[in-house]
Enquirer: 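There's a structure below that I have some questions on.
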Number of protein chains: 2
Amino acid sequence: MLERTDGVVLERAGRKRGETRDRLLDLAERAVLEKGFAATSIDELIVAAGITKSGFFYHFRDKGELAKALLTRYLERDEVILDDLFGRAAELHEDPLHRFLIALKLFAEMLADLPGAHPGCLAASYCYQDTLFSQEIRDLNAAGVRAWRARFRGHLAEIAALHPPRIPVDLDVLADMAATLVEGGIMVSRVLRDGAILPKQILAYRDHIRLLFLREH
Amino acid sequence: MLERTDGVVLERAGRKRGETRDRLLDLAERAVLEKGFAATSIDELIVAAGITKSGFFYHFRDKGELAKALLTRYLERDEVILDDLFGRAAELHEDPLHRFLIALKLFAEMLADLPGAHPGCLAASYCYQDTLFSQEIRDLNAAGVRAWRARFRGHLAEIAALHPPRIPVDLDVLADMAATLVEGGIMVSRVLRDGAILPKQILAYRDHIRLLFLREH
DNA sequence: CCGAAACTGTACCCGTGGTACAGCGCCGGC
DNA sequence: GCCGGCGCTGTACCACGGGTACAGTTTCGG
């Protein structure tokens, strides 16, 4: 046990590797989504994490390295979530169109079940402060959006091969429409403080896909 | 002419009234869209405007008042642009559905004709830094998004009355879809540095409207 | 020529990012 | 059982930016 000048007693039972670092990332992610990267001070993070400034700079060379670690972790988790979502949808149906429609429904449900509204998207937050970041980080962000496009385009190509669309359609545009509605939906949800808007927009995208590809009546 | 809080009307003297103030707003808008409000320093604005810090605080009580003036001006201009767009579309066709489709085409053309990509949306930028701003500013932002919803909902209600939709549809969701695709489209365009994405998303929205309401084939 | 609008100049406070570097407790491995 | 390195702490210091305070100056219209 160690007592700081302010009287706070710290436990110092040799912390596990990456434990404090992960706590810093968690705290930073919340703060950045709330008020942006520039307005998130190192000081507030170290107070919340119960460490000193030196401790912060032990884990991250500078604020830019924090930004990079934050985005990398965010994009990795994002991939895992979507893999899981489309994986589960694939177990439920054989046809690519119906798999896609199921995945969109599951996605909308997942977003609707969040307590309160969606906290926001790091990629969008970074996008609106992009001159603050290195080219490397901007490239990382672009790669993330392109991964979304590639994923959705893949599903859409399978669908279009089996179900000719009712009107001519550019599959890249249709793939980007997913990312666009998610990003825009998060923004509109946040501004209006209504968490229901985002899942409804996903379902509107689902309707568009149905109208384009589904042959019925 | 300026009306003071006590009602006295002041006349312009020295430099033309609002000239420097407008220049500060122009510079601030560019900077905020590029790197966010928190990262935009008063210092860079006064250097670019060729005035001193005292000059800045003559025009704005603090940075918050700059933020408010910036957003107010932005939302006002936005209204004018959309009024003009839908006004021109109304001159070209009598049917509300075709007017709407024409307006969306004009909108997409306008966005495609911008040199480079769309510079960004202040409302979205503020949204991702919203704890920095006063409740008043957040309310202003929400009112702006609600104005978009009301405008589009009005057109859609007229359309739905004449052209029953092919599938059941929530007009509020369909109205929000416009704002959502614009905000998301700006974000994706920026991240991928491809100004063509935003207008294509508008046209995808147009396709969705056509599939929903247009009876042909 | 007067008064007010639209500034300038100076001085000062605090918070934040960032640098530099010495030291110290704890744990695993030899 | 001791030793090295990991994961920090402590201290000191710098520049910049937001913000406050307030007196003084220029310019222009009436």
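Remember, it's a predicted structure, so these values are computed and weren't measured experimentally. Hydrogens, waters and symmetry mates are skipped; everything else that's a heavy atom, side chains included, is used. The chains referred to below are lettered A, B, ... by the order of the sequence lines, with proteins before strands, and numbering in each begins at 1.
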Enquirer: May I have the distance from B:Asp43 (atom CG) to C:dG15 (atom P), rounded to whole angstrom?
Expert: 20 Å
Enquirer: Would the base of D:dG19 count as contacting B:Lys53 through its side chain, where contact means a donor and an acceptor less than 3.5 Å apart?
Expert: yes
Enquirer: Taking CZ from B:Phe56 and C1' from D:dG19, how many angstroms apart are they, rounded to a whole number?
Expert: 11 Å
Enquirer: Determine: side-chain N/O of B:Thr20 to OP1/OP2 of C:dA6, distance under 4.0 Å, yes or no.
Expert: no
Enquirer: Quick one: do A:Lys200 and A:Asp194 make a salt bridge, cutoff under 4.0 Å?
Expert: no
Enquirer: Just how far, in rounded Å, is P of C:dA6 from CZ of B:Arg23?
Expert: 13 Å
Enquirer: Please report the shortest heavy-atom distance between A:Ala89 and A:Leu106, naming the atom on each side.
Expert: N-CD1, 4.3 Å
Enquirer: Can you tell me if B:Tyr58 touches the phosphate of C:dC7, counting only side-chain N or O atoms and a distance under 4.0 Å to OP1 or OP2?
Expert: no
Enquirer: Is there a side-chain polar atom (N or O) of A:His59 under 4.0 Å from OP1 or OP2 of D:dG7?
Expert: no
Enquirer: Tell me which residues in residues 27-39 of chain A put a heavy atom below 4.0 Å from DNA chain D, sorted by number, or none.
Expert: none
Enquirer: With respect to the side chain of A:Ile51, which nucleotide from D:dT20, D:dT9, D:dG7 is positioned closest?
Expert: D:dT9
Enquirer: Distance check needed: D:dG7 P versus A:Asp22 CG, whole Å only.
Expert: 12 Å
Enquirer: Under 4.0 Å, counting only non-hydrogen atoms across every strand here, what does A:Ser54 touch: a base, just sugar-phosphate, or nothing?
Expert: base
Enquirer: Give me the one residue out of A:Leu27, A:Leu33, A:Leu25 that meets side-chain contact (heavy atoms from CB on, under 4.5 Å) with A:Glu29.
Expert: A:Leu33
Enquirer: Under 3.5 Å, sequence neighbours excluded: what are the donor-acceptor pairs made by side chains of residues 138-150 of chain A?
Expert:
from	atom 1	to	atom 2	distance (Å)
A:Arg138	NH2	A:Phe133	O	3.4
A:Asp139	OD1	A:Gln135	NE2	3.0
A:Asn141	ND2	A:Ala123	O	3.2
A:Trp148	NE1	A:Asp78	OD2	2.7
A:Arg149	NE	A:Asp176	OD1	2.9
A:Arg149	NE	A:Asp176	OD2	3.2
A:Arg149	NH2	A:Asp176	OD2	2.7

Enquirer: May I have the distance from A:Asp62 (atom CG) to C:dT16 (atom P), rounded to whole angstrom?
Expert: 18 Å
Enquirer: Please state how far atom CZ in B:Phe60 lies from atom C1' in C:dA5, giving the value in whole angstrom units.
Expert: 16 Å
Enquirer: Report the distance from atom CZ of B:Arg21 to atom P of C:dA5, rounded to the nearest whole Å.
Expert: 15 Å
Enquirer: Assess B:Arg21 against B:Tyr58: is NZ or CZ under 6.0 Å from the centre of the six-membered ring, and within 45 degrees of the ring's axis?
Expert: no
Enquirer: What's the closest nucleotide to the A:Lys63 side chain, out of C:dG18, D:dG10, C:dT16?
Expert: C:dG18
Enquirer: Could you state the atom-to-atom distance from CG of B:Leu66 to C1' of D:dG19 in whole Å?
Expert: 14 Å
Enquirer: Would you give the length of the straight line joining atom CG of A:Leu203 to atom CG of A:Leu198, rounded to the nearest 0.5 angstrom?
Expert: 10.0 Å
Enquirer: Whether B:Lys68 and B:Asp62 form a salt bridge (side-chain N of Lys/Arg under 4.0 Å from carboxylate O of Asp/Glu) is what I want to check.
Expert: no
